[in-house]
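Start at 1 and go down the list; that is how both ligands and their atoms are numbered. In this text the structure is predicted, and so the values were computed from the model without any measurement.
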Amino acid sequence: MVQLKNLIVIFAFFAIVECLNNGLVRTPPMGWMSWTKFYCEIDCIKHPKGCINEDLYASQADRMAKDGYKDVGYEYIHIDDCWMSMQRDRAGRLTANATRFPHGIKWLADYVHNLGLKFAIYEDYGTKTCGGYPGSLGHLQTDANTFAQWDVDYLKLDGCYAEESEMPKGYPEMERDLNATGRPIVYACSWPAYLISEQDKVNYTEISQHCNLWRNFDDINRSWKSILSIIDWYNLFQDKMAAVHGPGQWNDPDMIIAGNSELTDDQARAQMTIWSIWSAPLIMSNDLRDITPNQKEILQNKEVIAIDQDPLGHFGKLIVNVSYPFMWIF
Ligand SMILES: *[C@@H]1O[C@H](CO)[C@@H](O)[C@H](O)[C@H]1NC(C)=O
Ligand SMILES: *[C@@H]1O[C@H](CO)[C@@H](O)[C@H](O)[C@H]1NC(C)=O
Ligand SMILES: *[C@@H]1O[C@H](CO)[C@@H](O)[C@H](O)[C@H]1NC(C)=O
Ligand SMILES: *[C@@H]1O[C@H](CO)[C@@H](O)[C@H](O)[C@H]1NC(C)=O
Ligand SMILES: *[C@@H]1O[C@H](CO)[C@@H](O)[C@H](O)[C@H]1NC(C)=O
């Protein structure tokens with residue numbers, strides 16, 4: 001009888017610690033995302049080269065494949081918000097804005113795959129995306145299936161227009177729906193980023209069991225001030241983050257903005273350095289068609305990238321804070 005009880009207890013334990021086991025992103029993902037450079041610019045008449053349409057993603061993918069980025073490890077081309085039509089189709093499926101994506105998303109995924117790259121898309125767990133487009137609430141399974149049919153390799157699931165109290169149920173539900181498609185899809189959650197002011201409530205163990213990566217803090221923007229604010233915040237909570245950080249489960253301090261004219265070369269170098277010490281995702285948001293040779297070299301620095309991509313995936317912590325020099329350990 002005692003033995004049987006033990007068996008039951010052990011079984012229950014395994015059932016509880018079931019965790020995201022899709023085998024993906026064993027090193028931090030690297031790629032390019034539109035958001036912090038192009039935001040939700042949908043006026044393609046005024047901004048023909050800088051609006052959210054298929055040409056933007058195809059041309060960034062071309063540059064990533066042909067200008068050396070792919071060779072040093074950059075891999076994913078990420079569509080961000082504002083790609084959708086405001087209405088779902090009759091079967092309740094998401095569709096792309098047909099004016100801006102005349103060939104559809106599957107065509108774009110194929111285009112990206114043919115360059116030897118991977119394809120990533122954006123949705124939101126709530127009723128609407130942050131930009132006001134249709135959210136996944138009530139459609140999680142349909143949307144997971146749609147993404148799999150389009151050969152999507154990576155989903156960023158935002159958390160605008162959602163109840164924070166529903167997230168512990170909803171984000172794991174999408175994890176199961178993605179798994180059920182049978183297609184390996186990296187799962188990036190914005191879940192804890194909606195609990196910034198309630199750090200006591202954030203259970204990183206739980207989040208790391210359901211997501212391959214997760215945003216913790218405010219959106220980055222194209223300024224040094226923004227980089228500094230992220231570094232300070234991350235350092236404040238570094239023990240909590242380091243404890244759950246590793247292969248297949250990454251804290252995401254947000255995009256690499258090196259490559260934008262708002263940063264000096266030293267500032268660009270500093271961001272690449274700190275993000276790599278953290279083993280953070282290196283997902284650029286800049287215009288790959290228009291990067292200075294210096295900043296291109298910074299973005300493609302193989303030694304720095306090797307630290308970021310170290311197979312152990314340790315989160316390097318700040319140990320001494322003096323104005324100069326910074327000192328870090330791993
Ligand atoms: C597609 O985007 C354009 C702006 O580029 C907008 O005027 C149009 O209403 C959108 N179409 C749909 C169906 O959402
Ligand atoms: C689904 O989950 C199972 C169990 O964790 C895992 O073995 C499998 O590889 C996953 N499949 C996909 C497509 O993610
Ligand atoms: C955090 O989540 C884990 C896994 O779900 C659970 O075992 C643990 O009890 C939770 N911790 C707190 C403080 O709620
Ligand atoms: C960028 O982020 C910083 C730090 O959070 C903030 O102070 C600043 O106002 C932001 N700039 C813009 C243009 O949003
Ligand atoms: C490090 O020191 C600077 C200057 O004193 C301060 O602004 C910053 O908040 C400190 N960062 C941490 C993580 O303690």
Side-chain angles (χ1 to χ4, degrees), residues 14-26 29 35-41 118-120 130-131 140-141 143-155 157 171-189 193 196-197 199 206 208-213 215-242 247-249 251 253-258 260-263 267 270-271 273-275 277-278 280 285-286 315-329:
F14 278 117
I16 288 164
V17 298
E18 171 213 355
C19 73
L20 180 54
N21 182 23
N22 59 14
L24 301 171
V25 286
R26 304 303 293 173
W35 186 253
T36 300
K37 177 65 180 172
F38 299 99
Y39 290 108
C40 191
E41 182 53 70
K118 288 186 174 159
F119 183 70
C130 301
L140 291 175
Q141 196 181 10
D143 293 352
N145 290 336
T146 302
F147 297 147
Q149 279 158 16
W150 287 343
D151 290 341
V152 165
D153 302 300
Y154 180 131
L155 169 67
L157 194 65
Y171 275 97
E173 198 178 324
M174 189 52 143
E175 175 212 347
R176 287 189 295 274
D177 290 337
L178 289 173
N179 181 278
T181 68
R183 183 174 174 83
I185 298 177
V186 176
Y187 186 34
C189 304
I196 294 173
S197 54
Q199 279 309 303
E206 185 188 9
S208 70
Q209 285 170 0
H210 298 289
C211 306
N212 289 120
L213 57 154
R215 285 281 314 285
N216 320 68
F217 183 55
D218 279 344
D219 287 359
I220 200 166
N221 64 40
R222 299 195 309 269
S223 72
W224 177 237
K225 196 175 168 195
S226 173
I227 291 177
L228 284 181
S229 75
I230 291 169
I231 293 174
D232 276 346
W233 193 89
Y234 254 59
N235 287 338
L236 203 57
F237 296 105
Q238 61 181 3
D239 291 332
K240 240 183 139 175
M241 293 191 207
Q249 44 185 79
N251 293 282
D254 212 2
M255 289 160 264
I256 293 291
I257 57 163
N260 287 292
S261 59
E262 289 86 350
L263 292 193
Q267 291 167 346
Q271 191 195 20
T273 305
I274 306 288
W275 263 238
I277 288 170
W278 283 336
S285 195
N286 47 30
F315 182 98
K317 293 196 231 172
L318 176 70
I319 50 164
V320 180
N321 183 10
V322 289
S323 46
Y324 184 86
F326 283 116
M327 292 172 71
W328 301 75
I329 54 160

Next on the checklist: Asp218: which residues meet the salt bridge (Lys or Arg N to Asp or Glu O under 4.0 Å) condition with it, sequence neighbours left out?
Outcome noted: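 For Asp218, no residue satisfies salt bridge (Lys or Arg N to Asp or Glu O under 4.0 Å) once neighbours in sequence are set aside.
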Checklist entry - Considering only heavy atoms of Gly182, which atoms of ligand 2 have at least one such atom less than 4.0 Å away? => result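 Contacts of ligand 2 toward Gly182, numbered from 1: 13 (C).
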Next on the checklist: Give the atom numbers and elements of ligand 2 that come within less than 4.0 Å of a heavy atom of Asn22.
Outcome noted: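 The list of qualifying atoms is 14 (O).
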Next on the checklist: Applying side chain to side chain contact (heavy atoms under 4.5 Å, CB included), can you list everything that pairs with Ala242, at least two apart in sequence or on another chain?
Outcome noted: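 Result, side chain to side chain contact (heavy atoms under 4.5 Å, CB included) vs Ala242: Phe315, Lys317.
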May I have the N/O to N/O pairs between ligand 4 and the protein that fall below 3.5 Å, each with atom names and distance to one decimal?
{"from": "ligand 4", "atom 1": "2 (O)", "to": "Asn221", "atom 2": "ND2", "distance (Å)": "2.5"}
{"from": "ligand 4", "atom 1": "7 (O)", "to": "Lys225", "atom 2": "NZ", "distance (Å)": "3.2"}
{"from": "ligand 4", "atom 1": "11 (N)", "to": "Asn221", "atom 2": "ND2", "distance (Å)": "2.9"}
{"from": "ligand 4", "atom 1": "14 (O)", "to": "Asn221", "atom 2": "ND2", "distance (Å)": "3.3"}

Checklist entry - Between Asn179 and ligand 2, is there a nitrogen or oxygen pair with a distance under 3.5 Å? => result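 N/O-N/O distance under 3.5 Å: yes.
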Checklist entry - Could you go step by step and tell me if Trp35 and Ile220 meet the side chain to side chain contact (heavy atoms under 4.5 Å, CB included) rule? => result CA-CA 10 Å; Trp35 186 253; Ile220 200 166; over 6 Å; no
Item to check | For Asn235, atoms of ligand 5 separated by under 4.0 Å from a heavy atom | outcome: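 Numbered from 1, ligand 5 contributes 13 (C).
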Checklist entry - With atoms numbered from 1 as shown, which atoms in ligand 5 lie under 4.0 angstrom from a non-hydrogen atom of Asn321? => result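 Reading through ligand 5 atom by atom, the close ones are 1 (C), 2 (O), 3 (C), 8 (C), 10 (C), 11 (N), 12 (C), 14 (O).
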Item to check | Spacing of Met255 atom CE and Asn221 atom CG [to the nearest 0.5 Å] | outcome: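 Nearest 0.5 Å value for the CE-CG distance: 10.0 Å.
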Next on the checklist: Tell me which pairs pass salt bridge (Lys or Arg N to Asp or Glu O under 4.0 Å) where either residue lies in residues 144-154, with sequence neighbours left out.
Outcome noted: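 Sorted pair list: Lys106-Asp151, Asp151-Arg183, Asp153-Arg183.
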Checklist entry - Looking only at heavy atoms, what is the nearest atom pair of Leu155 and Phe147, with distance? => result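 Distance-wise, the nearest heavy atoms are CD1-CE1, 3.7 Å.
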Checklist entry - Would Asn212 and Tyr154 count as a side chain to side chain donor-acceptor pair (under 3.5 Å) if you check the C-alpha gap in whole Å, the side-chain angles of each, and the deciding distance to 0.1 Å? => result CA-CA 10 Å; Asn212 289 120; Tyr154 180 131; over 6 Å; no
Checklist entry - Heavy-atom count around Gln141 CD within 6.0 Å, excluding the residue itself: above 12? => result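 Count not over threshold, so no.
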